[in-house]
Amino acid sequence: MRPANRAGPVSAGDAGPAPPDRPERAALVPEVGFSALAQAAPMLANLVLTPYLIRHLGLDRFGVWSLILVFLATLTVLDGGIGASLARFHARHAAHGDRAGTGRLVIGSLTVFLGLGALVTGACLLLTPAILSAADVPPRLRGEAGQLLTALGPLLALALAANSATALLQANARFRALAGVSGGSCLVYAAAVTMLVRDGTDLPLLAVLAAGRYLLMTVCGLCVGARHIRVRRPLLPPRAERRDFGSYAVRMQLSGFTVFLNGEIDALVVAALLPVRYVGVYAAGYQAAMALRSVPLFAFPPILTRMTRVFSEDGLPGAVREFHVLQARWLPAVLTYGVVTTASVGLAVQVWLGTGLALSAAVATVLLAGYSVQVAFTGVRTCFVRAIGLPGYETRYSWFSTVVNLVLTVPLTLLFGVLGVVLATAIGLTAGSLYFVVLCRRFAGLRERRLPKRWLPATAVAAAMAVLGDLLILRLGWHGSLPLLLAGLPVLAGLAAAAALLPRESKEEETS
């Protein structure tokens, strides 16, 4: 008889009849809502500040700032898999009421992050001239860019520390508090930027303000989560847990490295081949696509926390049952969202930044098409393999996606320029996502239900409403953050129209 907590081939029938809904399942909706607020806050701050920064810094300086953020995002992903692993291990400690174990994990992660920050600082001091030359930074901006590179190490340490505090709150289902901490820190940051950044020489000040936001997020997050922590000797996790964590983190890092290859490297390719201002052009489109991609992912922390606890209590059969319940709701909703937002994001970017940045709009459209397929088919599966302790399956699909991307990048770039770079990424993401579906079906019997019969007409109506509405707003000639919010209304109206049709069809299928 196979132990319940070991993963092996499991068919849908092995899971047995679905149990009645647990009472705590109803809490998933508000948890997702507060998780969404917490994760949306930084994106909303960036969306609001981007037109302001382009206007006050100029496109060249904004390109330099965007390049620094690309470096920061890349290094944050390449943290050894620690940040991506913290939520699962904090959730395990929370499930067993092990406050001392949580405290050791917090202290250990912060110690590693400080070391990484110091290492990056030393590397930047040595490599700054070569980086500035390779990135084609104009001579008049090299002094400011050099100062930003020097600050990259402290920024990285603080950003990773903020992620550690976030993981602590997520794992203990403190999503309401997390929303307050994240929203408050972003509000302070946005207010400080609009009050203090006034002219084109304020790039170092902008880095200081960003560091302040991460520091505020870390301190407030740890204070709010203090009741889940107990500091006892030894201060660091025991050898067995470090070995377990390290093995898991290595697999998460392998997956995380593909995030770099499928996303951040596009900006580095642009920086290597084109003037630095094109990094800003790319970054604007990438930012819009990533913001819209992230909306469904707001549900990840509560789903991962819930699935980890279900696996701890009911083993693999319970996790399989939970997957099928969640995926039946996730797939039609996320696919509809992806089609509607992909159809309208190009218009929305032009409303946001002006028709002169139509290339950014095209970048956003191509990337979001690939992201939509990826999130719809891999979202709940990713939570599943992480919860049961087998992130290696996520790593396999990620690397498959990356190989397809790298093979296509050169020929598509030669054919289509900047758009070819993101087109290769979108195709790679789509191919990798379908491969992940096959993998999960083979080893755990995870299957898809057919889409509701009304899904196609409902989605078509929603997309038409969004596109027509945004076309009308674009013709008004308004640009900026407020018009962008206005452009979101037709999208919301279209999604609401689709939602009004889909639930009735789902109920009919359940009773048939």
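As a basis for the values below, the full set of heavy atoms in this structure was taken, side chains included, without hydrogen atoms, waters or symmetry mates.
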Side-chain contact test, heavy atoms from C-beta onward, threshold under 4.5 Å: evaluate it for L152 versus L156 and give yes or no. no
So, applying side-chain contact (heavy atoms from CB on, under 4.5 Å) with F377, which one of T430, L335, T382, V334 is it? L335
Apply side-chain contact (heavy atoms from CB on, under 4.5 Å) to residues Q327 and L446 and explain how you reach the verdict. CA-CA 10 Å; Q327 183 67 3; L446 304 186; over 6 Å; no
Does the distance from a Lys or Arg side-chain N to an Asp or Glu carboxylate O, for E448 and R381, drop under 4.0 Å? yes
Sequence neighbours excluded, which residues qualify as side-chain contact (heavy atoms from CB on, under 4.5 Å) partners of P51? W352, L353, S481
Side-chain heavy-atom pair L501, W455 within 4.5 angstrom cut-off: no
Say whether, by atom type as modelled, one donor and one acceptor occur between the side chain of R230 and the main chain of G103 under 3.5 angstrom. no
Residue pair V385 / L439, side-chain heavy-atom distance below 4.5 Å: no
Answer yes or no: is there a donor N or O on one side and an acceptor on the other, between the side chain of S109 and the main chain of V106, under 3.5 Å? yes
Distance alone, cut at 3.5 Å: any donor-acceptor contact between the side chains of T378 and S433? no
Mind checking whether F436 and Y397 have parallel, tilted or perpendicular rings, split at 30° and 60°? parallel
So Y371 and L292, side-chain contact (heavy atoms from CB on, under 4.5 Å) or not? Walk me through it. CA-CA 9 Å; Y371 289 149; L292 291 170; over 6 Å; no
Kindly check if the number of other-residue, nucleotide or ligand heavy atoms within 6.0 Å of CG (L482) is above 12? no
Is T402 reaching over with its side chain to a backbone N or O of S398, donor-acceptor style, under 3.5 angstrom? yes
Side chains of N163 and L86, heavy atoms from C-beta outward: is any pair under 4.5 Å? no
Where the side chain of S344 meets the backbone of V340, is there a donor-acceptor pair that is under 3.5 Å apart? yes
Can you check whether V375 reaches Y337 side chain to side chain, under 4.5 Å on heavy atoms? no
Is a side-chain N or O of R88 found less than 3.5 angstrom from the main chain of R386, in a donor-acceptor match? yes
Using modelled atom types only, decide if a donor and an acceptor are shared between the side chain of R213 and the backbone of S185 within a distance under 3.5 Å. no
Mind checking what makes side-chain contact (heavy atoms from CB on, under 4.5 Å) contact with L37, not counting sequence neighbours? F34, A179
Among T102, D98, D244, exactly one meets side chain to side chain donor-acceptor pair (under 3.5 Å) together with R92. Which residue is that? D244
A side-chain contact here means heavy atoms from C-beta on lying under 4.5 Å apart; do Q374 and R293 qualify? yes
Parallel, tilted or perpendicular for F384 and F443, by the 30°/60° rule? tilted
Can you confirm whether R176 is buried at CZ, in the sense that more than 12 heavy atoms of other residues, nucleotides or ligands lie under 6.0 Å from that atom? no
